[in-house]
Amino acid sequence: MEPRWSRCGPLRLPRHSLLLLLFCGAGFFQSHAVEVEVKDSSNATCIYAKWMMSFFIKYETNSSEYRNATLHVSPNVTHDGSTCGNETFAPLLAVQFGAGHFWSINFTKTNGTYQGSIITFTYNTNDAAVFQDAKKRGPVTIVVNDTMHPVQLNRVYKCHHNESIEAENVTQSFWDVTLQAFVQNGTVSKNESICDADTPTLAPTSVSPVVNLTTASTTSSPAPTTTPKPVEKPVPGNYSLKNGNQTCFLATMGLQLNASQEKPSVININPKTTHVTGSCGNTSATLKLNDSNSRFIDFVFVVKNTSANTQRFYLKEVNIMLFVSTNGSVLHAENHNLSKWDTSLGSSYMCQKEQTVEVNEDFQIHTFDVRVQPFLVKENKYSTAEECFADSDLNFLIPIAVGVALGFLIILVFISYIIGRRKSRTGYQSV
């Protein structure tokens with residue numbers, strides 16, 4: 001599928017500033033690139049920026065369950081409040097988009113460098129198209145410190161890779177960033193400062209440890225064909241969450257993503273590069289995995305009452321967000337109606353066999369060597385495990401197979417004994 005492109009013309013501008021915004025479709029789920037140029041009253045550029053961003057937000061529903069929403073920048077954008085700054089106010093880049101959503105960043109300058117300072121993001125849960133069945137309605141504001149490293153003045157900061165900031169149930173993701181604040185003489189510099197993630201490695205022969213990725217071959221070259229190397233089984237990772245000093249969530253699993261959109265690809269999640277966050281609750285718990293700021297997976301577990309005195313937990317929701325560095329697209333998939341890994345509350349769930357979690361028609365999660373306990377963890381240890389059917393069947397068949405083999409061996413011994421006695425009798429009678 002080819003990316004869809006859209007373009008907006010110049011907008012009406014506030015006094016003492018000029019802001020030009022262009023939006024270009026980039027991949028899936030209507031992600032848009034934003035190009036911004038802020039000018040002062042003399043028409044000199046003071047801030048130039050072009051970037052892509054999206055927001056992954058966890059919110060509470062009317063049923064007191066938690067759901068995840070992905071918010072993308074939409075074409076209907078305004079620019080109120082963007083300014084070059086003065087002796088009193090810092091330079092500010094601000095955009096408003098969608099149904100009442102707002103994002104801004106201000107900049108500081110010191111010792112010959114500049115950097116982003118404070119990011120303010122306000123999302124409006126009255127946007128029913130994004131926040132379906134939200135319990136609390138209205139604007140919610142998140143204020144965080146920008147993680148951008150200082151950049152020398154008169155240099156353009158560039159970063160193709162995804163960079164994410166997590167705070168208060170919100171993950172803000174930015175990629176394909178080109179930025180210069182405090183532009184000198186109104187001319188954007190041609191000198192660049194590249195982020196660490198885009199810096200080439202000094203070991204060109206090494207294989208990246210982050211993912212194992214295979215793509216379907218489309219070449220018809222007459223060169224000798226080779227058999228594609230099978231994707232290795234993912235290494236299980238040990239993940240945990242704490243509530244204060246007490247462990248409240250334990251999980252061990254190997255994870256493999258299968259994306260069939262465009263070119264089929266298989267990606268192994270690397271525990272060594274995966275950051276763990278989430279939340280624990282009495283009836284709902286969420287495990288959020290962030291692998292190298294480019295692969296995000298959320299697992300949401302809930303408790304259900306099966307009878308007056310019996311409670312069980314199960315995997316109810318899965319959310320995936322992938323950043324594709326080759327074309328800057330964002331792939332997102334979610335399923336809020338799962339019923340997987342059903343287990344008695346107070347126990348842990350275990351399954352050593354490979355399982356498949358169907359997220360949608362284009363995404364699957366393959367799990368290996370799973371053990372998980374999202375509730376009632378005691379002494380930082382797993383409780384007694386309830387095994388999946390595959391393991392239970394195997395454990396049930398093994399003793400049956402051993403019993404059958406032993407029975408067959410006994411029969412062989414008995415037959416040999418009978419044959420031996422008959423031969424002995426025959427020999428005795430002949431004498």
K.L.:
Is there a side-chain contact between Ile365 and Ile297 in this structure, where contact means two heavy atoms from C-beta onward sitting under 4.5 Å apart?
P.N.:
yes
K.L.:
Does anything in residues 122-148 form a salt bridge (charged side-chain N to carboxylate O under 4.0 Å, His left out)? List the pairs, not counting sequence neighbours.
P.N.:
Glu60-Lys135
K.L.:
Between Thr141 and Thr122, do the side chains contain a donor N or O and an acceptor N or O under 3.5 Å apart?
P.N.:
yes
K.L.:
Here's one to test your reading of the geometry: is the NZ or CZ of Lys304 within 45 degrees of the ring axis of Tyr314 and under 6.0 Å from its centre?
P.N.:
yes
K.L.:
For the side chain of Tyr59 and the backbone of Thr125, is there at least one donor-acceptor N/O pair under 3.5 Å apart?
P.N.:
no
K.L.:
Is the closest side-chain donor-acceptor distance between Arg312 and Ser344 under 3.5 Å?
P.N.:
yes
K.L.:
Return the SG to NZ distance between Cys351 and Lys340, rounded to the nearest 0.5 Å.
P.N.:
10.0 Å
K.L.:
Both conditions, 6.0 Å and 45 degrees, for the charged tip of Lys109 above the ring of Tyr114: are they met here?
P.N.:
no
K.L.:
Does atom CD of Gln246 have more than 12 heavy-atom neighbours, drawn from other residues, nucleotides or ligands, at distances under 6.0 Å?
P.N.:
no
K.L.:
Any side-chain heavy atom of Gln256 sitting closer than 4.5 Å to one from Val266?
P.N.:
yes
K.L.:
Between Ser383 and Gln373, do the side chains contain an N or O donor and an N or O acceptor separated by less than 3.5 Å?
P.N.:
yes
K.L.:
Would you please say whether a donor-acceptor pair under 3.5 Å links the side chains of Ser279 and Tyr66?
P.N.:
no
K.L.:
Strictly by ring pair (Phe, Tyr, Trp, His ring centres under 6.0 Å), give each pair with a member in residues 234-257 just once, sequence neighbours left out.
P.N.:
Phe249-Phe301
K.L.:
To the nearest 0.5 Å, what is the distance between OG1 on Thr252 and CG on Asn238?
P.N.:
4.0 Å
K.L.:
Before giving the answer on side chain to side chain donor-acceptor pair (under 3.5 Å), spell out for Gln115 and Tyr157 the whole-Å C-alpha distance, their side-chain angles and the decisive distance to 0.1 Å.
P.N.:
CA-CA 10 Å; Gln115 66 184 114; Tyr157 172 78; over 6 Å; no
K.L.:
Do you know which two heavy atoms are closest between Glu37 and Thr45, and how far apart they sit?
P.N.:
OE2-OG1, 2.5 Å
K.L.:
So how far is it from Ile105 CD1 to Gln172 CD, rounded to the nearest 0.5 Å?
P.N.:
9.5 Å
K.L.:
Rounded to the nearest 0.5 Å, how far apart are NZ of Lys158 and NE2 of His160?
P.N.:
11.5 Å
K.L.:
If you measure only the distance, is there a donor-acceptor pair under 3.5 Å linking the side chains of Thr171 and Ser164?
P.N.:
no
K.L.:
Should Met253 and Asp369 be marked as a side-chain contact (heavy atoms from CB on, under 4.5 Å) after you check the CA-CA gap, both sets of side-chain angles, and the distance that decides it?
P.N.:
CA-CA 5 Å; Met253 61 182 79; Asp369 301 316; over 6 Å; no
K.L.:
Which heavy-atom pair separates Tyr382 from Arg371 by the least distance, and what is that distance?
P.N.:
OH-O, 3.1 Å
K.L.:
Identify the two heavy atoms, one from Thr306 and one from Gln311, that lie closest to each other, and give their separation to 0.1 Å.
P.N.:
OG1-N, 4.4 Å
K.L.:
I'd like to know whether NE2 of His149 has more than 12 heavy-atom contacts from other residues, nucleotides or ligands below 6.0 angstrom.
P.N.:
no
K.L.:
Going by heavy atoms in the side chains, are Glu358 and Phe363 under 4.5 Å from each other?
P.N.:
no
K.L.:
Less than 4.5 Å apart, side chain to side chain, heavy atoms only: is that true for Leu93 and Val38?
P.N.:
yes
K.L.:
Where do Leu376 and Leu345 land on the side-chain contact (heavy atoms from CB on, under 4.5 Å) test, with the steps shown first?
P.N.:
CA-CA 8 Å; Leu376 301 181; Leu345 189 65; 3.7 Å; yes
K.L.:
Look up atom CZ in Arg67 and atom OG in Ser284, then write down how far apart they are to the nearest 0.5 Å.
P.N.:
11.5 Å
K.L.:
Got more than 12 heavy atoms from elsewhere within 6.0 Å of CG, Asn282?
P.N.:
no
K.L.:
Let me confirm one number: the CG-OG1 distance from Asn106 to Thr120, rounded to the nearest 0.5 Å.
P.N.:
7.0 Å
K.L.:
Does a donor on one side chain sit under 3.5 Å from an acceptor on the other, for Asp198 and His161?
P.N.:
yes
K.L.:
So, using salt bridge (charged side-chain N to carboxylate O under 4.0 Å, His left out) as the criterion, who are the partners of Lys316 when residues are at least two apart?
P.N.:
Glu65
K.L.:
Is there a donor-acceptor pair closer than 3.5 Å between any side-chain N or O of Asp291 and the backbone N or O of Asn270?
P.N.:
yes
K.L.:
Should the heavy atoms of other residues, nucleotides or ligands under 6.0 Å from CG of Asn243 be counted, would the total exceed 12?
P.N.:
no
K.L.:
What residue among Phe121, Phe174, Phe97, Tyr123 forms ring pair (Phe, Tyr, Trp, His ring centres under 6.0 Å) with Trp103?
P.N.:
Phe174
K.L.:
Quick one, Val151 with Phe182, criterion side-chain contact (heavy atoms from CB on, under 4.5 Å). Give me CA distance, side-chain angles, the key distance, then yes/no.
P.N.:
CA-CA 11 Å; Val151 179; Phe182 301 98; over 6 Å; no
K.L.:
Taking NZ, NE, NH1 and NH2 as the nitrogens, is one of them in Asp176 or Lys50 under 4.0 Å from a carboxylate oxygen of the other?
P.N.:
no
K.L.:
Are Val276 and Leu287 close enough, and set up right, to give a side-chain contact (heavy atoms from CB on, under 4.5 Å), and what steps lead you there?
P.N.:
CA-CA 7 Å; Val276 185; Leu287 180 69; 3.7 Å; yes
K.L.:
When you compare the side chains of Asn124 and Asn126, does any donor N or O come within less than 3.5 Å of an acceptor on the partner?
P.N.:
yes
K.L.:
Quickly, which of Lys58, Lys288, Met321 forms a side chain to side chain contact (heavy atoms under 4.5 Å, CB included) with Asp298? Name it, please.
P.N.:
Lys288
K.L.:
For the residue pair Leu255 and Asn268, establish whether any side-chain heavy-atom pair is separated by less than 4.5 Å.
P.N.:
no
K.L.:
Please report the closest heavy-atom contact between Ser347 and Glu386, naming both atoms and the distance.
P.N.:
OG-OE2, 3.8 Å
K.L.:
Are side-chain heavy atoms of Leu250 and Asn380 found at a separation under 4.5 Å?
P.N.:
no
K.L.:
Inspect the surroundings of CG in Asn62 and state if more than 12 heavy atoms from other residues, nucleotides or ligands are less than 6.0 Å away.
P.N.:
yes
K.L.:
Kindly say whether Asn191 contributes a backbone atom to a donor-acceptor pair with the side chain of Arg155 at under 3.5 angstrom?
P.N.:
no
K.L.:
Report yes or no: do Glu166 and Thr277 form a side-chain donor-acceptor pair below 3.5 Å?
P.N.:
yes
K.L.:
Side chains of Cys84 and Pro91: closer than 4.5 Å at any heavy-atom pair?
P.N.:
no
K.L.:
When you compare the side chain of Met53 with that of Val95, does any pair of heavy atoms fall below 4.5 Å?
P.N.:
yes
K.L.:
Can you tell me how the ring of Trp341 sits relative to the ring of Phe299, calling it parallel under 30°, perpendicular over 60° and tilted otherwise?
P.N.:
parallel
